[in-house]
> 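Handing you this structure, nothing more for now.
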Amino acid sequence: MDWVSDNDEKDSDNFSWDTDENDKESPANSPEKALEAGPSQPSLYSHFIGMGFHRDMVEKAIKENGEGNVETILETLLTYSAIGSNTLSEHEDVLECEDAPERNPVGCSVTSDEDFFYDDLLDSDDSLDEDFKEGLPKKDQKLLTLVDMGFSPEEAAAAIDRCGVDSSVLELADSIHAAQMAEEPDGTGWGYSRPRFEAAEGSSYCSARKKRRLMEEKRRLKRSCLSQRRGDYVKRSSMDFEDAPMVIPKPMIGFGLPYEKCITRRTLPEAAIGPPYFYYENVALAPKGVWDTISRFLYDIEPEFVDSKHFCAAARKRAYIHNLPLENRFPLLPIPAKTIQEVLPVTKRWWPKWDHRTQLNCLQTCIASAKLTDRIRMALENSSDPPTPRVQEYVLAECRKWNLVWVGHHKLAPLEPDEVEMLLGFPNNHTRGGGISRTDRYKSLGNSFQVDTVAYHLSVLKRMFPNGINLLSLFSGIGGAEVAIQKLGINLNLVVSVEKSKINRNIVRSWWEETRQKGDLIDLDDVQQLNGDRLESLIKRYGGFDLVIGGSPCNNLAGSNRHTRDGLEGQHSSLFYDYFRILDLVKCIMGQSS
DNA sequence: CTCAGTATGAATGGTAAA
DNA sequence: TTTACCATTCATACTGAG
């Protein structure tokens with residue numbers, strides 16, 4: 001359910017908006033690129049201001065890091081924000097304060113300590129020189145940075161011991177704060193979070209003008225909502241922030257499985273209650289702290305951890321945060337078989353006794369190469385029958401790693417795209433045709449929902465909306481949400497679908513036509529297009545959204561990413577903040593009109 | 001340019017032994 | 001309680017053919 005590749009051309013939407021069509025900027029014109037082209041202080045300055053950072057912070061961060069390194073400036077700003085952003089409002093005029101939508105949504109109380117940190121950050125000119133630091137071991141560098149930031153050497157050292165020398169300065173600062181809070185029985189909780197900057201790299205092509213307009217819109221819309229919410233959060237006890245880190249329940253069955261005993265009641269925080277309903281999805285096994293952060297943004301709702309192996313023959317460990325009721329869920333029929341041998345009967349004939357797998361591992365975006373399967377074939381040919389334990393071990397490890405199935409004597413193969421479609425609950429040939437390549441099918445499917453799992457959670461909507469729903473679907477991918485809702489027999493009166501990949505948009509649109517949908521399908525290619533204006537006009541025209549659904553990009557969270565598993569702040573995964581931004585805007589706009 | 005093929009670990013959590 | 005070992009994982013980057 002997310003973004004697939006960067007190589008999709010921008011095309012015009014099928015829906016023509018009344019404004020703003022021409023100030024879409026190409027990535028080449030992004031502020032980021034402009035920076036790389038040559039140093040220009042005003043542009044750099046306004047770039048970060050545009051992201052919602054305070055001007056004093058930006059000035060200081062640029063001074064400290066030099067103009068050249070955007071990356072380190074950003075890191076510095078994030079660090080400042082994590083430590084001191086909550087005090088910002090104390091130093092700023094009201095307008096600016098409300099104007100900073102990217103700031104921590106959990107408005108927090110202010111302690112004198114934090115004031116101290118912030119003042120110190122702004123005023124101290126006596127920090128150690130960076131050249132000197134570079135010559136030191138990593139641990140000492142971090143230690144000095146933390147001391148520079150106003151922490152005591154003891155605190156800093158303890159934090160490095162706790163979190164490890166490879167932790168970011170931000171994490172270390174966070175840890176020290178947590179420790180301080182724990183020591184202080186009456187300490188006021190502070191809502192740790194990085195500022196919600198929309199413009200991590202992935203979204204930085206939003207023009208400054210657009211951003212300003214968006215901010216104006218937000219300021220207008222959010223003034224009342226924000227003050228209300230801040231009030232709510234300040235009331236919360238510091239306990240909320242000292243909770244043990246998120247633990248993934250075992251077995252991973254969420255609030256319950258079909259035809260089994262389920263949890264049917266829960267208490268949602270006031271701020272979480274709809275309309276609209278919302279449903280957010282991402283990988284369960286994200287780096288530490290990611291789900292804590294996501295949950296905190298999504299109104300403190302506890303994630304529902306579910307492994308789709310309970311719904312189909314392949315594992316898919318995912319977490320879902322939603323505000324849907326839990327009573328009277330029902331599954332899609334027919335219930336899919338849950339073993340490989342049942343689902344792929346042709347494999348049964350060749351399946352050796354010593355391969356005890358009955359289910360597949362997670363369906364991913366890449367498949368095993370022919371070379372690998374041939375190596376395995378050779379290994380089996382050259383072994384005895386049954387193969388030696390050593391060969392068995394090797395073969396089984398590769399089978400599990402690459403989800404291989406038996407298609408002949410000594411012959412293993414990856415799943416076909418059709419089979420992946422079937423396992424994920426999509427109609428046959430859902431991703432086939434329209435010029436899509438085989439690799440792209442795997443990629444789009446690997447990023448998708450498991451339809452039966454999602455449909456089970458969404459089934460409660462059927463009774464509530466007998467006349468159908470208006471759906472806002474973000475990071476739609478190949479339309480897992482739309483397919484699930486359609487299979488549940490819920491009419492789709494309106495679907496606003498945001499998906500970066502043109503290939504995926506085509507898939508959804510042809511599905512829309514094949515299933516003879518009566519409603520309106522509006523597809524957009526960029527979440528940034530959904531600003532306050534557009535949402536307001538859509539909501540006015542169609543009477544609001546009943547469900548906001550989406551699974552934001554997991555690229556930087558997924559375990560299989562060897563290169564850029566950067567967490568929630570990663571280039572793609574930071575689009576989560578756009579999910580939150582849009583959901584919050586929808587809530588505010590709909591809350592106002594009712 | 002697209003497409004297919006290929007090599008490329010580490011973070012995380014579980015379990016059992018020390 | 002600590003340590004070691006094991007299994008799993010919505011991926012990225014590069015290459016070469018067409």
Side-chain angles (χ1 to χ4, degrees), chain A residues 1-9 163-164 166-167 171 245-252 280-292 305-309 312 314-320 356-357 359-375 393 396-403 414-415 417 420-421 423-426 431 435-451 453-454 475-478 480-481 501-504 550-568 570-573 575-576:
Chain A
M1 289 322 287
D2 56 37
W3 145 329
V4 161
S5 62
D6 299 324
N7 53 16
D8 299 305
E9 67 271 46
C163 305
D166 290 324
S167 304
E171 286 163 335
M246 195 80 66
V247 285
I248 296 176
K250 250 191 92 174
M252 212 191 279
Y280 174 80
E281 176 263 7
N282 216 319
V283 290
L285 278 55
K288 271 179 185 161
V290 165
W291 277 106
D292 299 270
F305 289 95
V306 186
D307 189 338
S308 291
K309 75 177 184 183
C312 68
R316 207 168 187 76
K317 298 178 182 67
R318 297 292 179 270
Y320 308 86
H356 297 115
R357 289 178 299 153
Q359 290 197 300
L360 294 157
N361 279 338
C362 186
L363 306 169
Q364 302 193 99
T365 55
C366 297
I367 60 162
S369 63
K371 220 171 196 171
L372 175 72
T373 50
D374 201 51
R375 273 203 298 271
E393 202 181 329
L396 283 176
E398 295 298 326
C399 282
R400 279 195 273 261
K401 191 188 292 181
W402 292 102
N403 262 334
L415 296 171
V420 181
E421 274 172 359
L423 284 161
L424 291 175
F426 287 92
T431 59
I436 186 172
S437 74
R438 194 179 155 85
T439 3
D440 278 339
R441 286 183 77 186
Y442 283 118
K443 196 165 184 179
S444 294
L445 284 161
N447 281 312
S448 180
F449 285 167
Q450 206 289 325
V451 171
T453 311
V454 172
F475 315 107
S476 304
I478 57 174
S501 155
K502 185 179 183 185
I503 290 169
N504 287 346
S552 61
C554 67
N555 308 26
N556 309 114
L557 310 178
S560 43
N561 187 341
R562 288 137 155 92
H563 300 277
T564 52
R565 196 182 186 187
D566 303 331
L568 204 55
Q571 187 179 6
H572 305 305
S573 294
L575 287 173
F576 159 73

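We name chains A, B, ... by the order of the sequence lines, and we start the count at 1 in each one. Computed from a predicted model, the values in this text were never measured in an experiment.
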> List every contact pair, protein side and nucleotides 10-12 of chain B side both N or O, where the distance is under 3.5 Å.
unit_1, atom_1, unit_2, atom_2, d
dA11(B), O4', Arg565(A), NH1, 3.3
dT12(B), OP1, Lys288(A), N, 3.0

> Could you tell me if the side chain of Leu415(A) sits less than 4.5 Å from the side chain of Leu360(A), heavy atoms only?
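Of all side-chain heavy-atom pairs linking Leu415(A) with Leu360(A), at least one is under 4.5 Å.
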> Please give me the minimum heavy-atom distance between Arg565(A) and Gly559(A), naming the atom from each residue.
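So the two residues come closest at CZ-CA, 3.5 Å.
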> Which value, rounded to the nearest 0.5 Å, describes the distance between Gln450(A) atom CD and Lys309(A) atom NZ?
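Going from CD on Gln450(A) over to NZ on Lys309(A), the span is 14.0 Å.
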> Would you tell me whether Tyr280(A) and Asn282(A) have side-chain atoms, one donor and one acceptor, within less than 3.5 Å of each other?
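Their side chains do contain a donor-acceptor pair, which is all the 3.5 Å distance test asks for.
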> What is the per-nucleotide protein-contact pattern of nucleotides 13-18 of chain C, from the 5' end, where B denotes a base atom under 4.0 Å from a protein heavy atom, S denotes such proximity for sugar-phosphate atoms only, and - denotes neither?
S-----
> Take atom CG of Leu415(A) and atom P of dC10(C), then tell me their distance rounded to the nearest Å.
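Rounded to whole Å, this separation is 16 Å.
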> With a 4.0 Å limit, can you tell me whether Lys250(A) has a side-chain N or O closer than that to the phosphate oxygens OP1/OP2 of dT15(B)?
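Lys250(A) to dT15(B) OP1/OP2: side-chain N or O found under 4.0 Å.
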> Atom CG of Asn556(A) and atom C1' of dT9(C): how far apart are they, to the nearest Å?
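Rounded to the whole Å, the gap is 15 Å.
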> Verify the contact: side-chain N or O of Gln364(A) to OP1 or OP2 of dC10(C), cut-off strictly under 4.0 Å; return yes or no.
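It does not, given that no N or O in the side chain of Gln364(A) lies less than 4.0 Å from OP1 or OP2 of dC10(C).
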> Rounded to the nearest 0.5 Å, what's the gap from CD1 on Ile367(A) to NZ on Lys443(A)? Could you check?
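Spacing of CD1 (Ile367(A)) from NZ (Lys443(A)) equals 13.5 Å.
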> Expressed in whole Å, how much space separates the P atoms belonging to dA7(B) and dC10(C)?
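Between the two P atoms, the distance is 22 Å.
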> Provide, to the nearest angstrom, the distance between the CD1 atom belonging to Ile367(A) and the P atom belonging to dG5(B).
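My rounded result for the distance is 7 Å.
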> Tyr442(A) OH to dT12(C) P: how many Å, rounded?
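Tyr442(A) atom OH is separated from dT12(C) atom P by 18 Å.
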> How close do Cys554(A) and Val283(A) get, heavy atom to heavy atom, and via which atoms?
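The answer is CB-CG1, 4.0 Å.
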> In whole Å, I'd like the distance from the CH2 atom of Trp402(A) to the C1' atom of dG5(B).
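Result: 10 Å.
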> Could you tell me whether Arg318(A) contacts a base, only the sugar-phosphate backbone, or nothing, with contacts defined as non-hydrogen atoms closer than 4.0 Å?
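Base, at least one base atom sits under 4.0 Å.
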> Would the base of dC3(B) count as contacting Arg438(A) through its side chain, where contact means a donor and an acceptor less than 3.5 Å apart?
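Check fails, no donor-acceptor contact within cut-off.
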> Mind pulling the stems DNA chain B is in, i.e. runs of at least three Watson-Crick or G-U pairs, everything under 3.5 Å?
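Runs of three or more consecutive pairs: B:1-8 with C:11-18, B:10-18 with C:1-9.
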> Rounded to whole angstrom units, what separation is found between the CZ atom of Arg316(A) and the C1' atom of dT8(C)?
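So the CZ-C1' distance, Arg316(A) to dT8(C), works out to 14 Å.
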> For Tyr320(A) versus Ser308(A), what's the shortest heavy-atom pair and its separation?
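The answer is OH-OG, 4.3 Å.
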> State, yes or no, whether a side-chain contact exists between Asn403(A) and Pro414(A) at a heavy-atom distance under 4.5 Å.
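Counting from C-beta outward, Asn403(A) and Pro414(A) never come under 4.5 Å.
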> Just how far, in rounded Å, is C1' of dG5(B) from NZ of Lys443(A)?
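Whole-Å distance recorded here is 14 Å.
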> State which of dT8(B), dC10(C), dT8(C) makes the closest approach to the side chain of Glu281(A).
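For Glu281(A), the side-chain atoms sit closest to dC10(C).
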> Counting only side-chain nitrogens and oxygens, does Lys401(A) get under 4.0 Å of the OP1 or OP2 atom of dT9(C)?
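Looking at the OP1 and OP2 atoms of dT9(C), neither is under 4.0 Å from any side-chain N or O of Lys401(A).
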> Taking the side chain as C-beta and beyond, is there a heavy-atom pair between Arg357(A) and Arg400(A) under 4.5 Å?
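Yes; the side chains approach each other to less than 4.5 Å.
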> Could you give the CD-to-P distance, from Glu398(A) to dA7(B), as a whole number of Å?
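Going from Glu398(A) (CD) to dA7(B) (P), I get 11 Å.
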> Taking the nucleotide of DNA chain B with the closest heavy atom to each, which residue, Ile248(A) or Ser369(A), is nearer the 5' end?
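Per heavy-atom nearest nucleotide, the more 5' residue is Ser369(A).
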> With a cut-off of less than 4.0 Å, is there a side-chain N or O of Asn555(A) near OP1 or OP2 of dC10(C)?
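For Asn555(A), the contact criterion (side-chain N or O under 4.0 Å from OP1 or OP2 of dC10(C)) is not met.
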> Less than 4.5 Å apart, any side-chain heavy atom of Arg438(A) and any of Pro417(A)?
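Counting from C-beta outward, Arg438(A) and Pro417(A) do come under 4.5 Å.
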> Report which part of the nucleic acid Ala397(A) touches: base, sugar-phosphate, or nothing (heavy-atom distance under 4.0 Å, all strands).
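Counting heavy atoms under 4.0 Å across all strands, no contact is made by Ala397(A).
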> What I want to find out is whether Arg441(A) reaches Glu421(A) closely enough, with some N-O distance under 4.0 Å, to be called a salt bridge.
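Salt bridge between Arg441(A) and Glu421(A), a charged N being under 4.0 Å from a carboxylate O: yes.
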> What I'd like to find out is whether the side chain of Phe426(A) reaches to under 4.5 Å of the side chain of Thr431(A), using heavy atoms alone.
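When only atoms from C-beta onward are counted, Thr431(A) and Phe426(A) do not touch, as no gap falls below 4.5 Å.
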> Any non-hydrogen side-chain atom of Met252(A) less than 4.5 Å from a side-chain atom of Val306(A)?
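No; the side chains remain at least 4.5 Å from each other.
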> Using the C1' atom as the point on both nucleotides, what is the distance between dG9(B) and dC6(C), in whole Å?
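That atom pair is separated by 15 Å.
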